[in-house]
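These values consider heavy atoms only, across backbone and side chains, with no hydrogens, waters or symmetry-generated copies. Naming convention: chains lettered A, B, ... in sequence-line order (proteins, then strands); numbering from 1 in each chain.
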Amino acid sequence: MTVNGTTVEAEVPDRTLLVHFLRDVAGLTATNVGCDTTSCGACTVLLDGQSVKSCTVLAAQVDGRQVTTLEGLADGDGEMHPVQRAFRAEHGLQCGFCTPGMVMATVSLLAENPRPTEEQVRTGLEGNLCRCTGYHNIVRAVLAAAADTEGQASR
Amino acid sequence: MSILGTRVVRVEDPRLLTAGGTYVDDVRVPELTRAARVTFVRSPFAHALITGIDPSAARAAPGVIAVLTYQDINDIPPPPPPPEGGPPPGSEAAPLPLGGVWQEPLLAVDRVRFVGEPVAIVLTDDSYQGEDAAELVSVDYEPLPTVIGIDSALAGQTLCFPDAGSNVAVTAAKPGDGPGFEACDVVVEHGIVNQRLAPVPMEGRAAAARWADGKLTVWVSSQNPQISRFVLAGAFGLDPDSIRVIVPDVGGGFGAKIAVDRDAIVVAWAARHTGRPLRWVETRSENLTGMTHGRAQRHRVKIGGTRDGRVLAYRVEVVQDTGAYPRMSGFLPFLTCLMAAGPYDIGHVETAARTVVTNTTPISAYRGAGRPEATAAIERAMDLFAHEIGMDPAEVRRRNLVPSDRFPHQSPCGAHYDSGDYVGGLDKALAGAGYPGLRAEQARRRERGDVVQLGIGVASYVEITAADADNGETARVVVNGDGTATVYTGSSSHGQGHETAWAMLVQSDLGIPIDKVTVLHGDTDLIPLATGTYASRSLQLGGVAVHKADLEIKDQARRLAADMMEASEADLELDTDRGLWHVRGDPGSGKTWADVAGRAGPEGLTASVHFTEAQPTFPFGTHVAVTEVDTETGKVRLVRHVTVDDAGIVVNPVLTEGQRHGGIAQGVAQALLEEMVYDADGNPLTGTLADYAAITATELPSFELLESETPTPINPLGVKGIGEAGTIGATPAVQNSVIDAVSHLGVRHIDMPTTPARVWAAIREARDSQ
Amino acid sequence: MIPAPFTYQRAGSVDEAISLAAQGGDDAKFLAGGHSLLPLMKLRLSVPEALIDIGPLRELSYVREDDGHIAVGALTCHHDVANSALLGSELPLLAYAAGQVGDPQIRHRGTIGGSLVHADPAGDLPAVILALDAALVARGPSGQREIAAGEFFQGLFETALEPGELLTEIRIPKPAQAGWSFQKFTKRAIDWAIVGAAVQGDRVALVHMGSTPLRASGVERALAEGAAPADAAAHASDGTSPPEDINADRGYREHLARVLVRRGLAEARSRA
């Protein structure tokens, strides 16, 4: 599979979950495991640009496809992605554990709905749990990122 | 212009947002290369004798290095008897495990007392093998009758600890002063449940350990690296100097990661016992029954007063279900009783508390730790009283809040409230919510008989922060030869943003900009003595310690700079905007911090402080919650949540707001959704995140936070703690709001969580009884 | 957290999938999006020895009009079902309900076929296709057959599919009556329905009122006899045996069914 633009190849047991492939084989530990019932979203990554919960995808199912994790979001010069910038500006994270999944879910949400209302943001993040922030600033971050992307696109 | 009080985004975030945090499972250091994985074998029974453990099938499984049980734990001293000279074992003031007949083993010996209790561990090359092998460990259990629920514990037909002779571990009572209920025209009594919750930090428990060359290194997701080191030293009979505890990033704690628990101690023991580096990361299902739970109190409240709204007497009887082992003795109900009177000026307050054991997960601190329970009880009582006398609940509160000119105030329960403006907080919250307009809208909907009714809930609170003020906190500040500063703090951030806030303190005090300040925490080799983060103590103890260390450095620097500039100390000024020492009136003269620190010697300038407060501090506030209740289905929607949370001077509004938001969300969650439920056999029914209703973004609105800063005289920065206040105020406001929405239908009380089924049942019952 | 060991095979075609399944027998299962199966396997509630990955069979992902009915490929993911313009105009009940399944990440992976074959009575889509009078096309070693929705759901997590049969398509007739509604009652937005009602015209099906999705036949009969919708809704729980769990007892589910059907019928009529 291609992860953040780089081909990663390995032989792994058939039951290897994508999240463990990313963490232990590709060495990308930003993506976290937060539950065992596909509930929390901490493991969210992009599969061909769409958000998926990598704990409920077998690495084998992703053979030949493209995965993007948090580590792959910043551009080549290390410039933060608008969503990363917005999360920082709006204090959309505290302990940081849900953050990689939350950011990737946001990227996917905005790709499908570039100008969401607050309600659409909240519903759009229903698959991502956070215990620290109460979601208030996460919602602000998503709306700010939407406005920022719009602003950038119109330049 | 001081940076304090200004909005500063966090210095922690670029790393967390790009590379991600480094939690225990992410630590990649040479010492943990080829660390084996630990998988626990846990009891599926709530109460049973263990009649045999057969590890042979597991030992033969692929990748298995060892299978260990209590029988292998032959190389550490037995647990010490309860401390002499300290508080007696039954004392409500001792937050330590009771021990003695209530002793909790590391791995179960001959009996298990809760589903999830650790029985054995399997060491494997990788975690997948560990899960396979753990299934193969054969344990023979002889189930015993279970003690589930407070009534069962009190009935005592089955004892969790036969040698204790009772399921009641701690008892305490405090009578009230002066005339009691007999002097009241109106008396209302009610039973209230403050339900069991699971803390659910997004990162569960995790620990890694390595024993090499006579030294034990432990990486652990904890709120207290230094206390953990002493706990481990005591458990193993080792000199603390031979133990290093490293706390990397921690994915949330909320009180449930105070120090280290038996599972982490087992991991550390096993690393020493086998000589293999080990790593353990629990699954969420393990976490929901293995990590301590919170709350689980039952209350009987009695409130009395006059018909014109004056509360004269209040009584709360607390029964604390502490789960299978009394890990915090009677400490949580002690705090509940200490804060029982809330922010009210009530002459006669009686409290009584019992702590019972049951065959469920042990209870420990969870955001608020005993104080949300106190507030929830009296806030329900105030509403019941208000309803009884037909007075607006906000007005009843106003008539009973301690007036603002009466501080410091000694509460009838023995707490010394330092400063407060309770009435001001109430008025501000009501104004911010548009209270009269809300009542008008409620009246309109009632008149029309709308299906969706409006509820308005008010909760006023006061809370105790830095309850262990005399433990204090440590700080060592170093100004390096290059003019940068390094802060070694005893505080142990797990999301709070201390690195940013402490850097701001240094910038404010010394004029060294925050991007030149490095804040270190979490490594006992760097910071051997400290208490850590819980009880909302960090800013007022850890932050003030940094501030005081700054002032000591300033004194040292002044002497050096005076010498360097051949001026008298009295003529010297530190320009904190530029970080420059200069002679007053001559801004051109100047020595930088690099100059002065360089003059001090190769170590730069350094100051170490252990700061204690004379007493805890008491933040306060009022929350107003607005809910809509669908009276046909019972479904509740939180529409608005307005708060005043006054924790004294605000150092960084960004951080303070974040703590309030997070606290409010968890408080709302208790009122509306979350509950750890067990069946009669002690099986958890909410043992996964599919069933435990952790709150999501769709159930919450954006919050409306109002500003209020009433300084405390207790520390030089005038700061109190904000970490738990939001939770304490939010829960009763929302609960009261839901009941308020349907009170016109005859509903008096609904226990939490106010799920649709509960609300509908309450509506139906009220209708049927009319 | 981790499934028990199994062997993974990838099918290059529908025929290959069927032949691999025949070889694997009872111990083999098809893997589509994996969001019904893998969660069970991770908790080790399901321990198949072989998984046949049919996810790559893009030829089974489609939404098209076919001969007067709408054909939805079994491997169409919920996200695509929810966003299909064709479904939005012809079968908005299905499009809307698919958008209610789980959360966005789950909808990117979970498929309509996977959901239907999983046959969880608390699932949204089984009741919807029951209300829509769909036919399910299955292909197996002995060929292809059509199974009416009313016969497809046999019991708790049990369908009429024979071992080794692969669901390939869901065929839905264009509804005779345009009004529709999907009433999903939950505690939290991401929860499974405590109770749900799918309404298409005068056809009503219930979510989580038994071990399978159920037609609310009492309601449909009353409507056919000319009852007003609000009165017909009073029959919503007739003949049902709703489960009891931590969210609801029997009485509450029965009550919710009546309320949701009443609201669903009203909303459907407002859309007609």
Side-chain angles (χ1 to χ4, degrees), chain A residues 13 15-16 20 23-24 27-40 42 69-71 73-74 78 80-81 83-85 87-101 103 118-119 121-140, chain B residues 9-10 12-23 25-26 28 126-128 199-204 249-254 281 283-285 287 493-497 654-655 657-666 668 688-691 694-703 726:
Chain A
R15 58 179 174 160
T16 306
H20 291 131
R23 289 177 56 79
D24 301 327
L28 299 164
T29 58
T31 307
N32 294 316
V33 175
C35 78
D36 45 17
T37 48
T38 322
S39 308
C40 81
T69 71
L70 180 81
E71 294 98 325
L73 265 200
M80 288 209 284
H81 186 283
V83 172
Q84 291 167 311
R85 273 205 304 275
F87 268 75
R88 183 175 190 213
E90 299 299 328
H91 188 39
L93 63 152
Q94 292 182 22
C95 82
F97 196 83
C98 79
T99 305
V103 167
E118 175 173 341
E119 195 182 325
V121 171
R122 287 182 179 277
T123 310
L125 293 179
E126 62 184 351
N128 290 77
L129 292 180
C130 171
R131 263 333 233 183
C132 294
T133 67
Y135 306 101
H136 182 111
N137 282 346
I138 290 177
V139 171
R140 286 177 57 93
Chain B
V9 297
R10 295 199 322 174
E12 291 90 333
D13 290 352
R15 176 177 65 87
L16 293 174
L17 283 167
T18 53
T22 302
Y23 309 91
D25 200 20
D26 303 328
R28 301 279 181 269
D126 71 49
S127 60
Y128 283 39
V200 192
M202 290 316 295
E203 182 206 17
D249 290 320
V250 173
F254 310 116
V281 178
T283 66
R284 180 58 62 188
S285 297
N287 170 263
S493 177
H494 40 284
Q496 291 89 339
V654 173
L655 301 178
E657 287 161 15
Q659 290 300 306
R660 290 167 75 181
H661 295 154
I664 292 165
Q666 287 180 309
V668 172
T688 74
L689 276 187
D691 295 309
I695 200 160
T696 76
T698 45
E699 284 79 50
L700 292 166
S702 288
F703 309 120

ask   = Distance-only, no hydrogens or angles: does the B:H661 side chain make a donor-acceptor pair with backbone N or O of A:G134 under 3.5 Å?
value = no
message = With a 4.5 angstrom heavy-atom cut-off, is it the side chain or the backbone of B:E203 that approaches chain A, or both, or neither?
response = both
inquiry  = Heavy-atom cut-off 4.5 Å, strictly under: side chain, backbone, both or neither for A:T31 against chain B?
reply    = neither
inquiry  = Measuring only between side-chain heavy atoms, which start at C-beta, is A:T29 closer than 4.5 Å to B:T22?
reply    = no
Engaged part of B:L689 at the chain A interface, taking heavy atoms whose separation is under 4.5 Å = both
query = Contact part of B:R28 toward chain A, heavy-atom cut-off under 4.5 Å: side chain, backbone, both or neither?
reply = side chain
request  = Give a yes or no answer on whether the side chain of A:R131 reaches the backbone of B:P199 with a donor-acceptor pair at less than 3.5 Å.
outcome  = yes
ask   = Contact part of B:A694 toward chain A, heavy-atom cut-off under 4.5 Å: side chain, backbone, both or neither?
value = both
message = Is any side-chain heavy atom of A:C130 closer than 4.5 Å to one of B:M202?
response = no
query = Does A:H81 reach the side chain of B:L17, with side-chain heavy atoms less than 4.5 Å apart?
reply = no
Segment of A:N32 engaging chain B (4.5 angstrom heavy-atom cut-off) = side chain
query = Among all residues two or more places apart in sequence or in another chain, which pass the salt bridge (charged side-chain N to carboxylate O under 4.0 Å, His left out) test with A:E118?
reply = A:R122
message = I want to check something: taking the side chain as every heavy atom from C-beta on, are A:D36 and B:R284 in contact at a cut-off of under 4.5 Å?
response = yes
Structural part of B:D249 lying under 4.5 Å from a heavy atom of chain A = neither
ask   = Do you know which of A:E71, A:R88, A:M80 has the most heavy-atom pairs under 4.5 Å to chain B?
value = A:R88
inquiry  = Please classify the contact of A:N128 with chain B as side chain, backbone, both or neither, using a heavy-atom distance under 4.5 Å.
reply    = neither
remark   = Under 4.5 Å to a heavy atom of chain A? For B:V654 that would be both
note = Interface check, chain A: of B:V668, B:D26, B:T283, most non-hydrogen pairs under 4.5 Å belong to B:D26
query = Measuring heavy-atom distances to chain B, does A:L70 have an atom under 4.5 Å in its side chain, in its backbone, in both, or in neither?
reply = both
note = A:H20 meets the ring-ring contact (aromatic ring centres under 6.0 Å, His included) criterion, sequence neighbours left out, with B:Y128
task = Under 4.5 Å heavy-atom distance to chain A, tell me which part of B:D126 shows up: side chain, backbone, both or neither.
result = neither
task = Check each atom of A:T37 against the heavy atoms of chain B and say whether the ones under 4.5 Å are side chain, backbone, both or neither.
result = side chain
ask   = Between B:A690 and A:S39, what is the shortest heavy-atom contact and its length?
value = N-OG, 3.6 Å
task = Determine yes or no for a side-chain-to-main-chain donor-acceptor pair under 3.5 angstrom, with A:Y135 supplying the side chain and B:E699 the backbone.
result = no
inquiry  = I'd like to know which of A:L129, A:V139, A:L125 tops the heavy-atom pair count under 4.5 Å against chain B.
reply    = A:L129
ask   = If you tally heavy-atom pairs under 4.5 Å against chain A, which of B:G20, B:A665, B:G21, B:G658 wins?
value = B:G658
remark   = Rounded to the nearest 0.5 angstrom, the SG-CD distance for A:C95 and B:Q496 is 9.5 Å
key: Contacting region of B:E657 [heavy-atom separation from chain A under 4.5 Å]   = neither
query = Using the ring of each side chain (for Trp, its six-membered ring), is B:Y23 parallel, tilted or perpendicular to A:F97, with breaks at 30° and 60°?
reply = perpendicular
request  = Answer with side chain, backbone, both or neither: which region of A:T133 has an atom nearer than 4.5 Å to a non-hydrogen atom of chain B?
outcome  = backbone
inquiry  = Please report the interatomic distance NE2(A:H91) to CZ(B:R10), rounded to the nearest 0.5 Å.
reply    = 5.5 Å
query = Are any of the side-chain heavy atoms of B:E12 and A:Q94 separated by less than 4.5 Å?
reply = no
query = Hey, which of B:A19, B:S493, B:S127 has the most heavy atom pairs under 4.5 Å with chain A?
reply = B:A19
Side chain, backbone, both or neither of A:R23 within contact of chain B (heavy atoms, under 4.5 Å) = both
